[in-house]
K.L.:
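I have a structure here, written as structure tokens, and I will follow up with some questions on it.
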Amino acid sequence: MFESIVQASEAHRESAHRMVGSLRMALKGCPECGTSQMIASPSLGVCDDCGSSLVVLPHE
């Protein structure tokens, strides 16, 4: 077990230079009223406030 932890740690250390930036959560939002939410399901759904279809929001 200790050996596999050491191997995983070494693999992470060796690949650290390839990691750029950080993870960002995917957001969905309502173009009508401007609300936004984290995407947590395959379906985007509709806005609870106004009933408009939600869309994927671009990262800024």
K.L.:
Quick check on Glu10: does its CD atom have over 12 non-hydrogen neighbours (other residues, nucleotides or ligands) under 6.0 Å away?
P.N.:
yes

K.L.:
What distance do Cys33 atom SG and Asp49 atom CG have between them, rounded to the nearest 0.5 Å?
P.N.:
5.0 Å

K.L.:
Which heavy atom in Pro31 sits nearest to a heavy atom in Val55, and how many Å separate them?
P.N.:
CD-CG2, 4.2 Å

K.L.:
When you look at Cys47 and Thr35, which way does the side chain to side chain contact (heavy atoms under 4.5 Å, CB included) test go after all the steps?
P.N.:
CA-CA 8 Å; Cys47 179; Thr35 60; 3.8 Å; yes

K.L.:
With rounding to the nearest 0.5 angstrom, report the CG to SG distance, Leu57 to Cys30.
P.N.:
9.5 Å

K.L.:
Determine yes or no for a side-chain-to-main-chain donor-acceptor pair under 3.5 angstrom, with Lys28 supplying the side chain and Leu54 the backbone.
P.N.:
no

